[in-house]
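The block underneath contains the structure these notes are about, expressed in C-alpha cells.
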Amino acid sequence: MKVFVVNCGSSSIKYQLFDMSDESVLAKGLLERVGGDAVLHHNGLPGRLGRDVDAPDHAAGLRLILDILVDPEVGVIGDTDEIDGVGHRVVHGGEQATDSAMIDDGLIDIIKQNSELAPLHNPPNLAGIQAALEAMPNVPEVAVFDTAFLATMPPKAHRYAVPEQWYARHHVRKYGFHGTSHRYVTLRAAQLLGKRPRDVCLITAHLGNGCSMTAVASGKAVDHSMGMTPLEGLMMGTRCGDLDPAVFPYMLSRGMSADQVEQALNKLSGLLGVSGMSNDMRDLERAANAGDGRAKLARDMFVYRVVKYIGSYYTILPKVDAVVLTGGIGENSRTIRQAICEGLRPLGAVLDPARNDEIGDGKAGAITAESSELSLWVVPTNEELMIARDTQRLVAGL
Ligand code: ADP
C-alpha cells in the first residue's frame, strides 16, 4: 500500500510518500511560501530538485506536488491512482475527535468547529484536505489529530481553575499538542523496553523548537504540558511557556496592544527572548561556551523547567519505566541531555557518558547507566510515519 502524508501550514505543504510494505519513504519534500514566491524542495529516489513554482493557493500547490510525484524524470510513481490513501496532519480535534478517522462531511464539520481554537492551523489543514479531495476524489483520506492522543487526560488534569462557564460555554481547557509525536515515541519506547504499550508508564519529552511533555500511564496520556494553545508549559524556541497570566494585562497597562503582547509571547520569547540572540539551541550552546551570560541563562532556564516538569510528572505516575527524550534537542544535544540527567539525580538518574555520546543521528537507546534507578532514553520521533500507519490501518479497515 502507498500512503501520501500531507502536512499543510499557513503558507507551506510538507509531504511524504510511503511504501507501507516496508515503511520506506519513496519521496518527500516541502513547498514553501504558498501564495507568494513559492519554492518546491523535492527529494525522491532518482534525485532532488529545488525550483521556483507558481502556487497561488494550497490546491495549486498540491497539484504541483502530485505532478512531480508522477513526473517521468524525477517522479516515483506512474500515476496518482497508485496512492491508496492520504493521511493529513490536523492540529485540533477538540473534544470530539479523540482518534484518527476517515474524512467525511461530519469530520470536516468537526475540524471547522475547532478552527476557533486553532485559527492558524485548522484552516490550512482543511485547505489541504479540500485540495486532496479535489485532486484525488477516489482516494480515501484520513485525519490524524495532534490533540487525539492527549484526549485521555482526566478532568483534574485538563481543566483550568477558572469559572466553570468558561469551560462549558467557551471550551476553555487544556487540549495539548504534539500528540502524534508523543504517541509514536510511547509505542516505540514500549517496543524497545520489551513491554506491551498498555503496560508502560513513561514521561515523554518532545524538545524541538516547540517543546512539550506528556505523562503516560498504562500507555495513555494522563497529563501534558501544553494547554488550550501551544503557549503553556515548557520554555520553547520562541514561546514563553508557563507564565503568570497577570503579566498579560500588566503589559497592556504599559502601553502594548493585545496583539503585540500575544506576538511577543509566541514569537519573541523563550530561548530567543532570554538570550536576545537565537531560538536555536546550537547557537546558544556555542555562545554559552564562549562566555555569553544571557545564552547561558536561557539554556539553564530551559533545562531547569524540563527537570521541574519531569519531577512533577514523576509524582503523579504509579511508576516510571523511562523518561523518553525526543525532538531536535532531545535527539541531538548531548550537553542538554547530560544537564537534564544531572538535574534528575535526586530521582536516582545516573548518566552513562559513553552511551550519551554515542546516541544521535537518528539512533535510539538508553543514556543512563545500568545501575541508574531512573532510566532516560532517546527515541527519535517520526510523526509522518505515525500518520502513515494510521492511514493504512483505517483505509484497510483494520
Ligand atoms: P521543530 O519543532 O521545528 O520540528 P526540531 O525538532 O527540528 O524542531 O528541533 C529544533 C531544535 O533542535 C533547535 O533548537 C535546534 O538547535 C536543536 N538541535 C538540532 N540539532 C542539534 C544538535 N546537534 N545539538 C543541539 N541542538 C540541536
Side-chain angles (χ1 to χ4, degrees), residues 5 7-16 28-30 32 41 89 91 120-121 124 144 146 176-185 188 204-214 224-226 229-241 266-290 292 294-303 305-306 324-341 353 356-365 367 376 378-387:
V5 172
N7 179 357
C8 279
S10 56
S11 64
S12 68
I13 305 180
K14 276 193 211 150
Y15 59 94
Q16 289 197 21
K28 63 179 183 178
L30 166 68
E32 289 180 297
H41 307 275
R89 176 192 182 217
V91 166
L120 300 180
H121 294 102
V144 177
D146 251 24
F177 300 90
H178 287 158
T180 308
S181 172
H182 288 284
R183 180 156 62 104
Y184 177 84
V185 297
R188 181 81 182 110
T204 56
H206 179 113
L207 308 177
N209 205 9
C211 299
S212 63
M213 200 176 293
T214 305
H224 175 80
S225 62
M226 281 180 166
T229 77
L231 201 51
E232 189 183 344
L234 301 171
M235 180 173 171
M236 314 185 203
T238 62
R239 296 190 193 117
C240 59
N266 271 296
K267 303 251 186 259
L268 302 173
S269 298
L271 295 175
L272 172 66
V274 176
S275 72
M277 60 169 297
S278 173
N279 63 328
D280 191 307
M281 190 57 94
R282 285 165 291 198
D283 294 340
L284 297 196
E285 290 191 356
R286 268 192 297 272
N289 291 339
D292 184 318
R294 290 169 71 184
K296 183 172 178 319
L297 175 63
R299 195 188 59 182
D300 290 352
M301 284 172 68
F302 181 88
V303 170
R305 290 185 176 203
V306 169
V324 178
L325 305 176
T326 194
I329 297 172
E331 291 171 31
N332 297 300
S333 176
R334 284 142 182 100
T335 48
I336 296 291
R337 294 195 309 231
Q338 180 182 346
I340 292 171
C341 204
N356 187 36
D357 263 1
E358 200 188 305
I359 303 276
D361 302 323
K363 263 198 229 161
I367 56 167
L376 267 71
V378 173
V379 177
T381 193
N382 194 339
E383 289 161 274
E384 291 78 14
L385 180 56
M386 193 78 251
I387 295 172

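Start at 1 and go down the list; that is how both ligands and their atoms are numbered.
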message: Looking at ligand 1, is there an atom of it that comes within less than 4.0 Å of some heavy atom belonging to G237?
response: no
- prompt: Does L207 have a non-hydrogen atom less than 4.0 Å from ligand 1?
  reply: no
Which heavy atom of the protein is the closest neighbour of [atom], given with residue, atom name and distance?
atom: atom 14 (O) of ligand 1; value: M281 N, 3.1 Å
atom: atom 26 (N) of ligand 1; value: R282 CG, 3.6 Å
atom: atom 18 (N) of ligand 1; value: G328 O, 3.6 Å
atom: atom 22 (C) of ligand 1; value: N332 CB, 3.4 Å
atom: atom 17 (C) of ligand 1; value: I329 CG1, 3.6 Å

message: Please report whether ligand 1 has a polar contact with G327, defined as an N or O pair separated by less than 3.5 Å (distance criterion only).
response: no
message: Once rounded to the nearest 0.5 Å, what's the spacing between atom CG of D292 and atom CG of L284?
response: 8.5 Å
message: Can you tell me how far apart CZ (R337) and CG (L207) are? Round to the nearest 0.5 Å.
response: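 One gets 10.5 Å once the value is rounded to the nearest 0.5 Å.
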query: Name the one of N279, L231, T229, L268 that satisfies side-chain contact (heavy atoms from CB on, under 4.5 Å) with R239?
result: L231
message: Given K28, which partner from the list E384, Q16, H41 fulfils the side-chain contact (heavy atoms from CB on, under 4.5 Å) test?
response: Q16
query: Counting only heavy atoms on the protein side, is anything nearer than 4.0 Å to atom 4 (O) of ligand 1?
result: no
task: Scan side-chain atoms only and decide if T214 and H224 contain a donor-acceptor pair under the 3.5 Å cut-off.
output: yes
field: Enumerated ligand 1 atoms positioned under 4.0 Å from heavy atoms of G210
entry: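 Ligand 1 atoms under the 4.0 Å threshold to G210: 2 (O).
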task: Could you tell me which atoms of ligand 1, counted from 1 in the order shown, lie closer than 4.0 angstrom to a heavy atom of N209?
output: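 So the atoms of ligand 1 that pass are 1 (P), 2 (O), 3 (O), 8 (O), 9 (O), 10 (C).
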statement: Closest to atom 16 (O) of ligand 1 (heavy atoms only, candidates I336, T326, D280, N279) is D280
- prompt: Quick one: does K363's side chain get under 4.5 Å of V378's, heavy atoms only?
  reply: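 No, their side chains stay 4.5 Å or more apart.
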- request: Step by step, work out the side chain to side chain contact (heavy atoms under 4.5 Å, CB included) result for T335 and M281.
  value: CA-CA 10 Å; T335 48; M281 190 57 94; over 6 Å; no
Indicate every side-chain donor-acceptor pair of residues 269-277 with a distance under 3.5 Å to a residue at least two apart or in another chain.
from : atom 1 : to   : atom 2 : distance (Å)
S269 : OG     : A264 : O      : 2.6
S275 : OG     : L271 : O      : 2.8
S275 : OG     : M277 : N      : 3.1
S275 : OG     : S278 : N      : 3.3
S275 : OG     : S278 : O      : 3.3

